[in-house]
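This report concerns only the one structure given below.
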Amino acid sequence: LNLELIAKQRELQEKEDRLTTLESELKAKSELLAQREQRVNELEQIISEQEKATKALKDKVANALKSFENKGLTVIEKNGKIYVSLEDKLLFSSGSTVVETEGKKALVELARVLETESALEIIVEGHTDTDKLNSSSYPHNNWELSVLRSTAVIEIMFDWLEQTSDGLENVSWISTW
């Protein structure tokens with residue numbers, strides 16, 4: 001009987017030790033889970049702030065360019081980025097690299113809005129006409145036309161932006177035929 005009691009006490013002690021180990025592991029995992037929940041909450045807050053900032057900038061840009069709304073200019077937010085699209089009719093005559101007067105006005109208004117936004121990455125995409133360009137004069141082809149158009153837009157924006165070129169990127173696209 002005494003041996004049985006000693007065996008039961010040993011078994012009970014082993015179970016208590018195992019329970020203590022499990023409680024310790026549970027506590028450690030609970031602390032880790034709490035830390036991860038806190039990090040998730042922090043990231044959700046950061047995302048929420050970025051979404052608010054993006055919406056505020058979109059609204060600011062859209063309001064500044066409202067007078068060009070039905071003239072070939074659109075402002076949309078997509079995947080956390082703001083896209084300002086200016087149709088060729090607002091910017092360029094067919095085959096031309098010279099920005100039209102209304103286009104310059106729109107670009108200046110856009111630059112005025114963006115000059116206070118120092119943390120932006122601005123990508124200027126130059127597109128071509130749908131008409132094939134093959135000329136002995138400059139530009140010789142649609143690729144050159146695309147590059148020169150995006151460069152013309154950047155030059156106008158540089159004239160108004162007080163920031164360096166670090167935030168501006170030039171991308172050119174050509175129509176295929």
Side-chain angles (χ1 to χ4, degrees), residues 33-133 138-139 141-177:
L33 181 60
Q35 290 172 354
R36 288 184 178 174
E37 283 180 20
Q38 181 180 355
R39 182 63 180 146
V40 166
N41 290 337
E42 290 170 1
L43 292 172
E44 286 176 345
Q45 180 66 29
I46 290 169
I47 290 169
S48 176
E49 289 171 7
Q50 287 176 335
E51 287 172 348
K52 287 177 188 174
T54 300
K55 183 181 179 338
L57 180 59
K58 179 197 175 273
D59 292 344
K60 186 177 175 183
V61 169
N63 287 335
L65 300 173
K66 204 167 210 69
S67 63
F68 300 96
E69 202 170 76
N70 295 319
K71 298 179 181 177
L73 184 141
T74 56
V75 179
I76 60 168
E77 186 271 328
K78 181 178 168 185
N79 299 327
K81 296 180 182 178
I82 298 170
Y83 294 86
V84 179
S85 179
L86 293 93
E87 293 179 14
D88 58 349
K89 68 181 180 182
L90 181 60
L91 288 176
F92 302 100
S93 297
S94 182
S96 175
T97 61
V98 177
V99 179
E100 297 288 328
T101 304
E102 281 297 298
K104 281 184 184 178
K105 289 178 186 176
L107 292 171
V108 167
E109 287 303 315
L110 178 60
R112 285 181 178 158
V113 171
L114 299 179
E115 71 184 344
T116 60
E117 305 291 333
S118 60
L120 292 181
E121 175 185 355
I122 302 167
I123 299 174
V124 176
E125 295 183 356
H127 292 261
T128 64
D129 300 328
T130 54
D131 303 329
K132 184 176 179 180
L133 181 66
Y138 206 60
N141 52 46
N142 275 353
W143 181 81
E144 286 180 1
L145 178 65
S146 174
V147 171
L148 292 172
R149 283 181 168 183
S150 59
T151 303
V153 167
I154 287 175
E155 286 175 348
I156 290 169
M157 293 185 75
F158 267 146
D159 288 344
W160 289 93
L161 288 174
E162 293 178 1
Q163 65 186 19
T164 65
S165 63
D166 293 345
L168 280 171
E169 183 177 331
N170 185 346
V171 178
S172 300
W173 300 93
I174 62 167
S175 293
T176 56
W177 51 87

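When reading the values below, keep in mind they use all heavy atoms of this one structure, side chains included, and skip hydrogens, waters and symmetry mates.
Residues Leu107 and Leu91 have side chains in contact (heavy-atom distance under 4.5 Å, counting atoms from C-beta outward).
The two atoms that bring Val113 and Ala64 nearest to each other are CG2-CB, 3.1 Å, heavy atoms only. Phe92 and Thr97 get closest at one heavy-atom pair: CE2-O, 3.4 Å. Annotation for Ala106 and Leu86: closest pair CB-CD2, 3.8 Å, computed over non-hydrogen atoms. The two atoms that bring Leu90 and Lys71 nearest to each other are CB-O, 3.7 Å, heavy atoms only.
The closest donor-acceptor contact from the side chain of Ser48 to the backbone of Glu44 lies at 3.5 Å or more, if one exists at all. Remark: the backbone N or O of Val99 is not paired with any side-chain donor or acceptor of Arg149 at under 3.5 angstrom.
Between atom CZ of residue Arg39 and atom CG of residue Asn41 there is a gap of 11.0 Å, rounded to the nearest 0.5 Å. Here the CD1 atom belonging to Ile82 is positioned 10.5 Å from the NZ atom belonging to Lys55, to the nearest 0.5 angstrom. Summarising the geometry, atom CZ belonging to Phe68 is positioned 13.5 Å from atom OG1 belonging to Thr74; distances are rounded to the nearest 0.5 Å. To the nearest 0.5 angstrom, Glu109 atom CD is 11.0 Å from Leu114 atom CG. Taken from CG in Leu65 to CZ in Arg112, the straight-line distance is 11.5 Å, to the nearest 0.5 Å. Rounding to the nearest 0.5 Å places CD of Gln45 at 11.0 Å from CD of Gln50.
Residues satisfying the salt bridge (charged side-chain N to carboxylate O under 4.0 Å, His left out) criterion with Lys60, sequence neighbours excluded, are Glu117.
Under the 4.0 Å criterion applied to side-chain N and carboxylate O atoms, Glu49 and Lys52 are not assigned as salt-bridge partners.
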